[in-house]
Amino acid sequence: MAGVNAMEKKLAEYKCDTNEAICLKLVRFPEDLEDDGTTFHPEYSHQLYGDDEVAFGYKGLQIQLYYSAGNLSTLFKVKYSSKVTEKFDCVEADDVEVKIRDIIPAGFSCSTDDFVSRLEKEANFRPFGNLLHTYKVHNEEAGELTYQICKVDMACPGFQEYHGRLQTFLMWFIETASFIDADDDRWDFFLVFEKYNKDGETLYATVGYMTVYNYYVYPDKTRPRVSQMLVLPPFQGEGHGAQLLEAVHRFYCTLPKVQDITAEDPSESYVKLRDFVLAKLCRALPSFAPDTLQLGFSEVMVKEAQDTLKINKKHARRVYEILRLKATDMADEAKARDYRLDVKRRLFGPYKKNQRELTKMMKCLRPEELVSHIRHIDTDVQHQELEKSYQEVLDEYRRIIERLASQA
């Protein structure tokens, strides 16, 4: 038994955390290849390496996936200090390479020299598609940087191959990511690029992207639905997500056929971003003026948000609550109470539904079954949960209002 435990302990030394082992780079200059400061790592790797996110059979494992900053030409190499087969017979190491090869398109480099030669061709790379929006961001080290947002589709020469390389990042940064059917022409793609200088030339670096699927709405409308959105880690926290989402909204607002804009299974971070962007857009609408907000949520707001900004009723209601909070003096007890009751009436909706269901159940349930259901909708518990939900909503809204104020 002691021998078995000793063997297990030795083999455990050959387990590697794949989130740490996978090293990603967006390379602008050859010296970036040896600069650890340009390396970033996945948030997730379970889709390739299992729920434990572990690769067995190596010490010092390093899976290098380096991309040229613009065209995303790819260098793929695997390094390790030792392999389990060098020490133990009849023990196999995981094939870490084949899992990567399954997701990266053909044409990648395995030679650093070959990759550096491709890097020299980055000066020829230009953003795909049509320019929608240009904006600037101040960087403490580099000064004022310029970014471009472009719309493109698969018909654009070279884009399909580029997209194949770009979408590999989804596996590392979106928990339930999957690749899309790029042959479906109902997909729209929106890309963000940074302009930068290298040896006196203007080059472009990939910052992030969004995919949107255009669903049919009877009888003659479409409903664009955001499917994937990713800002690459070196650019996160700089406001690019908000710029991208706002540009996409403004683009679809120009299309008469668009009913409204939605998102597929949005993450919590995406919902917060959407709340901010829609609040920023709606505060310019007359029906969302501060004095009007105090009168309560109205069909006029719903219509103007829908017609002008392609925002559906559910999202318009959240924006109304955010902007009304911004316009309300919460130190005024009466105004604070009116606001609280207004929001809680919306939050109470699911509880009212439970009560209606209970009324129906009372007609057909046995006494012991009825007691069990009543416990689930205890009034005191409901009030506590409602107050907790209200406070959580208030905290979310205040963070959005702070961000709106910082960009006023």
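Heads up: numbering here begins at 1 and tracks the sequence.
- Atom NZ of Lys198 has more than 12 neighbouring heavy atoms from other residues, nucleotides or ligands inside a 6.0 Å radius.
- Atom CD of Glu34 has 12 or fewer neighbouring heavy atoms from other residues, nucleotides or ligands inside a 6.0 Å radius.
- A distance-only check finds a donor-acceptor pair linking the side chain of Lys310 to the backbone of Val258 [under 3.5 Å].
- In plain terms, the two heavy atoms of Lys83 and Ala93 that are nearest each other are CE-CB, 3.7 Å.
- Salt bridge status for Asp95 with Lys99: absent, with no side-chain N to carboxylate O gap under 4.0 Å.
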> Between Leu203 and Arg28, does a side chain to side chain contact (heavy atoms under 4.5 Å, CB included) hold up when you go through it step by step?
Replying inline: CA-CA 9 Å; Leu203 278 73; Arg28 301 188 184 196; over 6 Å; no
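- Inter-residue side-chain proximity for Leu293 and Phe288 is flagged as met; some heavy-atom pair is nearer than 4.5 Å.
- What you find for Ser68 and Leu119 is that their closest heavy atoms are CB-CD1, 3.8 Å.
- Side-chain contact between Asp260 and Lys313 is absent, with no heavy-atom pair separated by less than 4.5 Å.
- Residue Lys326 places its NZ atom among 12 or fewer non-hydrogen atoms of other residues, nucleotides or ligands, all under 6.0 Å distant.
- Considering only heavy atoms from C-beta on, Arg340 comes within 4.5 Å of Arg337 through its side chain.
- If you take CZ on Arg225 and CG on Asn214, they are separated by 11.5 Å, rounding to the nearest 0.5 Å.
- Separation of the Phe128 and Tyr162 ring centroids falls under the 6.0 Å cut-off.
- Distance OG1/Thr39 to CG/Leu65: 11.5 Å, rounded to 0.5 Å.
- Thr211 is not listed as a side-chain neighbour of Tyr213, based on a closest heavy-atom distance of 4.5 Å or more.
- The closest side-chain heavy-atom distance from Tyr66 to Ser109 is not below 4.5 Å.
- The distance from atom OH of Tyr209 to atom CG of Leu166, rounded to the nearest 0.5 Å, is 4.5 Å.
- A distance-only check finds a donor-acceptor pair linking the side chain of Tyr216 to the backbone of Pro219 [under 3.5 Å].
- Within the 4.5 Å cutoff, side-chain heavy atoms of Phe193 are placed close to those of Thr206.
- In this structure, the side chain of His41 engages the main chain of Ile22 through a donor-acceptor pair within 3.5 Å.
- Between Glu299 and Lys303 no salt bridge is recorded (no basic side-chain N to carboxylate O distance below 4.0 Å).
- Residues Thr18 and Glu53 have side chains that never bring a donor and an acceptor to within less than 3.5 angstrom of each other.
- For Glu333, the CD atom counts as loosely surrounded, since its 6.0 Å shell holds 12 or fewer non-hydrogen atoms of other residues, nucleotides or ligands.
- Of the listed residues (Phe169, Trp172, Phe108), just one forms a ring-ring contact (aromatic ring centres under 6.0 Å, His included) with Tyr67, and that residue is Phe169.
- Put simply, CG on Asn124 and CD on Glu201 are 8.0 Å apart, with the number rounded to the nearest 0.5 Å.
- Between the CD1 atom in Ile103 and the CD atom in Gln167 there is a gap of 9.0 Å [rounded to 0.5 Å].
- Under a 3.5 Å cut-off, the side chain of His46 and the backbone N or O of Glu175 do form a donor-acceptor pair.
- Few gaps surround CG on Asn139; more than 12 heavy atoms of other groups in view lie less than 6.0 Å from it.
- Annotation: cation-pi geometry satisfied between Lys59 and Tyr14 (NZ/CZ under 6.0 angstrom from ring centroid, within 45° of ring axis).
- For Asp51, the CG atom counts as loosely surrounded, since its 6.0 Å shell holds 12 or fewer non-hydrogen atoms of other residues, nucleotides or ligands.
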>> I'd like to know whether Arg118 forms a salt bridge (charged side-chain N to carboxylate O under 4.0 Å, His left out) with Asp114, so could you lay out the CA-CA distance, the side-chain angles of the two residues, the decisive distance to 0.1 Å, and finally the verdict.
In response: CA-CA 6 Å; Arg118 295 189 186 192; Asp114 180 48; 3.5 Å; yes
> Please walk me through it: do Leu72 and Thr168 pass side chain to side chain contact (heavy atoms under 4.5 Å, CB included)?
Replying inline: CA-CA 11 Å; Leu72 303 181; Thr168 60; over 6 Å; no
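- Using a cut-off of 4.0 Å between Lys/Arg side-chain N and Asp/Glu carboxylate O, Lys272 and Glu268 are scored as salt-bridged.
- Contact of the Ile104 side chain with the Ile100 side chain is registered, since non-hydrogen atoms from C-beta on lie closer than 4.5 Å.
- A pairwise comparison of heavy atoms in Met171 and Ala177 identifies CE-O, 4.1 Å as the closest pair.
- Looking at Glu122, its side chain does come within 3.5 Å of a backbone N or O of Asn71 through a donor-acceptor pair.
- In this structure, CE on Met301 lies 6.0 Å from OG on Ser287, to the nearest 0.5 angstrom.
- Without hydrogens or angle criteria, Lys25 side chain to Asp32 main chain gives a donor-acceptor distance under 3.5 Å.
- The two residues Pro234 and Phe40 come nearest to each other via the heavy atoms CG-CE2, 3.7 Å.
- A salt bridge between Lys9 and Glu13 is absent, with no side-chain N of the basic residue lying under 4.0 Å from a carboxylate O of the acidic one.
- With a 4.5 Å cut-off on side-chain heavy atoms, Ile180 and His163 count as touching.
- When all heavy atoms are compared, the tightest approach of Pro127 to Cys150 is CB-SG, 4.0 Å.
- Between the side chains of Tyr49 and Asp94, no donor-acceptor pair is found at a separation under 3.5 Å.
- The side-chain hydrogen bond (donor to acceptor under 3.5 Å, both in side chains) with Thr146 is formed by just one residue from the set Glu194, Lys195, Lys136; it is Lys136.
- The salt bridge (Lys or Arg N to Asp or Glu O under 4.0 Å) test with Glu321 is passed by exactly one of Arg324, Arg318, Arg317: Arg317.
- Here the shortest heavy-atom pairing between Tyr80 and Leu61 reads CB-CA, 4.1 Å.
- Looking only at distances, no side-chain donor or acceptor of Gln243 sits under 3.5 Å from a matching main-chain atom of Thr134.
- The main-chain N or O of Pro256 is found under 3.5 Å from a side-chain atom of Lys221 such that the two form a donor-acceptor pair.
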> Please walk me through it: do Phe276 and Gln407 pass side chain to side chain contact (heavy atoms under 4.5 Å, CB included)?
Replying inline: CA-CA 11 Å; Phe276 166 73; Gln407 298 191 11; 3.5 Å; yes
